[in-house]
Amino acid sequence: MNLNMKKIRTRFAPSPTGFIHIGNLRSALYAYLIAKSQGGDFILRIEDTDQMRLVPNAEKIIYDVLKLANLRYDEGPDKPGEYGPYVQSQRKEIYHDKAFELIRNGGAYFCFCQKSDIAESKDKLHRGYDRKCRNLDENQVKKNLESGMKFVIRQKMPLEGKTSFTDTVFEQITIDNSELEDGILLKSDGMPTYNFANVIDDHMMHITHVVRGCEYLTSTPKYNLLYKAFGWEIPEYVHLPLIMGKNSDGSVTKLSKRAGSVGFEELIQDGFLPEVIVNYIAFLGWCPKTNREIFTLSELTKEFSTQRIRKSPAIFDYLKLAWLNNEYIKNKTPKEFAEIIKVYLKNNLFDAVKIAKILQSRVSKLSEIPELIDFIYEIPKFSKELFINKKSKTNFENALVILENALESLKEIQSWTNDKIYNTILQVAEKLNLKNSAIMWCIRISVSGKTVTPGGASEILDILGKIESINRIENALNMLKGIKG
RNA sequence: GGCUCGGUGGUCAAGAGGUUAAGACACUGCCCUUUCACGGCGGUAACACGGGUUCGAUUCCCGUCCGAGUCACCA
């Protein structure tokens, strides 16, 4: 790194709306990666200037999500730094001062129009505010202010010319100034709009790289005009391609509550591992030089480069996320996985590590677990038709013989281990001159009551233990004999 | 509608002025097998369209079409 270069500082600036959706989190991730890959700082700032949308407890959710995702910030509301406070509602005075400074230097003006008036003055094409107050004479402004009229402060846009800037990802962007509205900087409740606060804060917090979704691409010239009006240096922009969701009608739109409905916490609830979500979203809009797809956060930090960020949007794919989740699950030791699935187990009467082992290759979302293993805790009522299997050639008659013989041999087993159980079953098959799978099938049905189970017959017997296994097989036998068990 | 951006299989996504246009997910065939998975080996499937530039364009340029974003006292 060039020693003359400023230390990189990026920020994640969410609104406390009660949840963090995946698109936001990806912005946070990239901001983190950009800073950390070059030894920079990552800052958290809460943008709570919309008093109408405040959600109680929402700040905590932000902290929790970042913690789970392991995106550690160097400065934030709960981690004081040099440029606080890091919550916008606590910076009201700063914005106020800056807005007035802008009025003094001609970059902004008071507007006394009512919201309702403006709505009427808009033409059919929604061209925005008609700039009625832009040239109010000073005395009138003074009078209005003194009489306590509500006001708003608007940015004074150049009426002609163009504004361009260079984005790290999208390169040169040019917008006609005539497209720019005299947007509101300070609202009538004294709070700044995002458009104003983000510029003030990014500058005052020494943010060097503004990383955000490209929905902000076309409003960036407005911000640059603000920087210019203050005489401030414009930061580097890294606008990210949008993450899209598929709607039920097949159309594709920006990921939101309506489309795709993915919040980070929701995915966790669903049973996706936090590190998997991070790994997956890193690959939505970026990829490394190689074909490798599994990366830890610190590996991503080493590999990340803004040069490889794509411009085109990506659709969020649950299926691929599920695949990745399963890859991670398979890579864990049974003991590690047992720890993770603890909360999904009904009780601890059965060995969690053994259960973990049979689940690892079969689970893509943790939330699938209870249904997969319910039979362990309580065997469901099942029909004896389940004993009929074409492929293993089992039917009521031979099932009866199989179970009787298996029961006898299993009872003999002293050390109840998977290997021992497995070999015993093979011996039964040999003795009866039947396929292994015939014996396996009948036993598995007997102890699980299901045609599809995680794990095979011997693993299940191993988990259930000798007493429970024998008991279940006896019950099955009775059922086959027509005696109600 | 104006403005801005984008367009490689269904999805993610490499790629390069000349390639048999990678890889992954999904789908699918076979093998393995103790059901289902896992694993192994295969398969189907893509450069939106039309003009240029060029010996040669999917790659560069222009137009068309399609898609998305934005146009709030939301961020």
Side-chain angles (χ1 to χ4, degrees), chain A residues 13-15 17 24 47-53 111 113-115 118-119 124-129 150 152-154 167 169-171 173-176 178-181 183-195 197-198 212-221 239 241-242 244 246 251-254 280 283-293 308 310-324 326 330 358-364 372 389 391-392 422 425-426 435-441 443-445 448 450-460:
Chain A
S15 292
T17 55
N24 276 143
E47 309 221 326
D48 59 345
T49 55
D50 186 355
Q51 300 296 300
M52 304 301 286
R53 293 206 305 172
C111 169
C113 296
Q114 296 297 305
K115 210 174 169 183
I118 294 167
K124 294 150 242 157
L125 289 172
H126 305 285
R127 277 330 206 87
Y129 178 56
K150 283 225 165 201
V152 117
I153 294 179
R154 287 184 182 272
D167 182 80
V169 175
F170 288 88
E171 295 159 88
I173 304 286
T174 302
I175 303 240
D176 272 6
S178 61
E179 290 292 322
L180 272 21
E181 225 189 298
I184 291 174
L185 267 19
L186 212 64
K187 303 187 261 192
S188 57
D189 67 358
M191 278 293 186
T193 57
Y194 167 86
N195 297 325
N198 101 287
R212 51 155 72 131
C214 72
E215 65 264 35
Y216 292 104
L217 203 54
T218 49
S219 34
T220 298
H239 284 96
L242 259 15
M244 315 294 278
K246 222 171 209 158
S251 66
V252 166
T253 42
K254 184 168 84 167
Y280 177 67
F283 276 70
L284 255 21
W286 171 88
C287 76
K289 287 195 193 95
T290 63
N291 275 335
R292 188 175 154 201
E293 295 195 88
R308 296 184 67 81
R310 278 172 69 94
K311 291 182 189 162
S312 40
I315 296 174
F316 186 89
D317 184 4
Y318 282 95
L319 238 36
K320 182 125 191 192
L321 179 66
W323 166 79
L324 196 64
N326 179 249
K330 280 185 301 200
I358 62 168
L359 287 175
Q360 277 182 288
S361 68
R362 296 166 236 257
V363 168
S364 53
L372 284 173
N389 181 290
K391 212 175 145 196
S392 333
Y422 185 74
I425 293 173
L426 293 197
K435 289 166 91 173
N436 295 343
S437 65
I439 321 297
M440 300 284 188
W441 180 268
I443 293 178
R444 204 168 49 80
I445 295 295
S448 71
K450 290 175 144 189
T451 55
V452 176
T453 59
S458 65
E459 286 99 335
I460 294 173

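All values below were derived from every heavy atom in this structure, side-chain atoms included, with hydrogens, water molecules and symmetry-related copies excluded. Quick note on labels: first sequence line is chain A, next is B, and so on, each numbered from 1.
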Given the [atom1] atoms of [N] and [M], what is the spacing between them in whole Å?
N: B:A75; M: B:G63; atom1: C1'; value: 37 Å
N: B:A22; M: B:G43; atom1: P; value: 11 Å
N: B:U59; M: B:G9; atom1: P; value: 14 Å
N: B:U53; M: B:C62; atom1: P; value: 15 Å
N: B:A13; M: B:G52; atom1: P; value: 33 Å

For RNA chain B, what string of dots and brackets results from 5' to 3' when Watson-Crick and G-U pairs need both distances under 3.5 Å, crossing pairs get [ ], and pairs with another strand get |? (((((((..(((.....[....))).(((((.......)))))....(((((..]....))))))))))))....
Side-chain touch A:Tyr194/A:Ser15, heavy atoms, less than 4.5 angstrom: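 With C-beta onward as the side chain, the pair stays apart.
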Counting any heavy atom closer than 4.0 Å, what does [X] reach on the DNA or RNA strands: base, sugar-phosphate only, or nothing?
X: A:Asn195; answer: base
X: A:Thr174; answer: sugar-phosphate
X: A:Thr290; answer: nothing
X: A:Arg212; answer: nothing

Partner set under side chain to side chain donor-acceptor pair (under 3.5 Å) for A:Asn198, not counting sequence neighbours: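 By the side chain to side chain donor-acceptor pair (under 3.5 Å) rule, A:Asn198 matches A:Asp202.
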Tell me, please, which residues at least two apart from A:Lys187 pass side chain to side chain donor-acceptor pair (under 3.5 Å).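 For A:Lys187 there are no side chain to side chain donor-acceptor pair (under 3.5 Å) partners, ignoring immediate neighbours.
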With B for base contact, S for sugar-phosphate-only contact and - for none (protein heavy atoms under 4.0 Å), nucleotides 33-48 of chain B reads -BBBBSS---------
Look at the side chain of A:Thr193 and the backbone N and O of A:Ile184, then say whether any donor-acceptor pair between them is shorter than 3.5 Å.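 Confirmed, A:Thr193 side chain pairs with A:Ile184 backbone.
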Ignoring hydrogens and geometry, is there a side-chain-to-backbone donor-acceptor pair from A:Glu459 to A:Gly456 under 3.5 Å?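 Yes: the side chain of A:Glu459 pairs with the backbone of A:Gly456.
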[options]: which one has an atom nearest the side-chain heavy atoms of [X]?
X: A:Ile184; options: B:C73, B:U11, B:U4; answer: B:C73
X: A:Glu181; options: B:C12, B:C74, B:C71; answer: B:C71
X: A:Ala314; options: B:A24, B:C12, B:C5; answer: B:C12

Would you tabulate the nitrogen or oxygen pairs shorter than 3.5 Å linking the protein to nucleotides 7-9 of chain B?
residue : atom : partner  : partner atom : Å
B:U8    : O4   : A:Arg310 : NH1          : 3.4

Measure all distances between protein nitrogen or oxygen atoms and nitrogen or oxygen atoms of nucleotides 60-69 of chain B, and list the pairs falling under 3.5 Å.
residue : atom : partner  : partner atom : Å
B:A68   : OP1  : A:Val252 : O            : 3.3
B:G69   : OP1  : A:Lys254 : N            : 3.0

Has the side chain of A:Lys320 got a donor or acceptor that lies under 3.5 Å from a partner of the other kind on the base of B:A24?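 Checked by distance alone, the answer is yes.
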Has the side chain of A:Thr193 got a donor or acceptor atom sitting under 3.5 Å from an opposite partner on the base of B:C73?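 Answer is no: no donor-acceptor pair is held.
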Testing the 3.5 Å rule here: is there a donor-acceptor pair between the side chains of A:Thr453 and A:Arg444?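 A:Thr453 vs A:Arg444: donor-acceptor pair found between side chains.
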B:G15 OP1/OP2 closer than 4.0 Å to side-chain N/O of A:Arg308: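 For B:G15, OP1 or OP2 has a side-chain N or O of A:Arg308 closer than 4.0 Å.
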B:C38: syn or anti, per glycosidic angle within 90° of 0: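 Syn conformation for B:C38.
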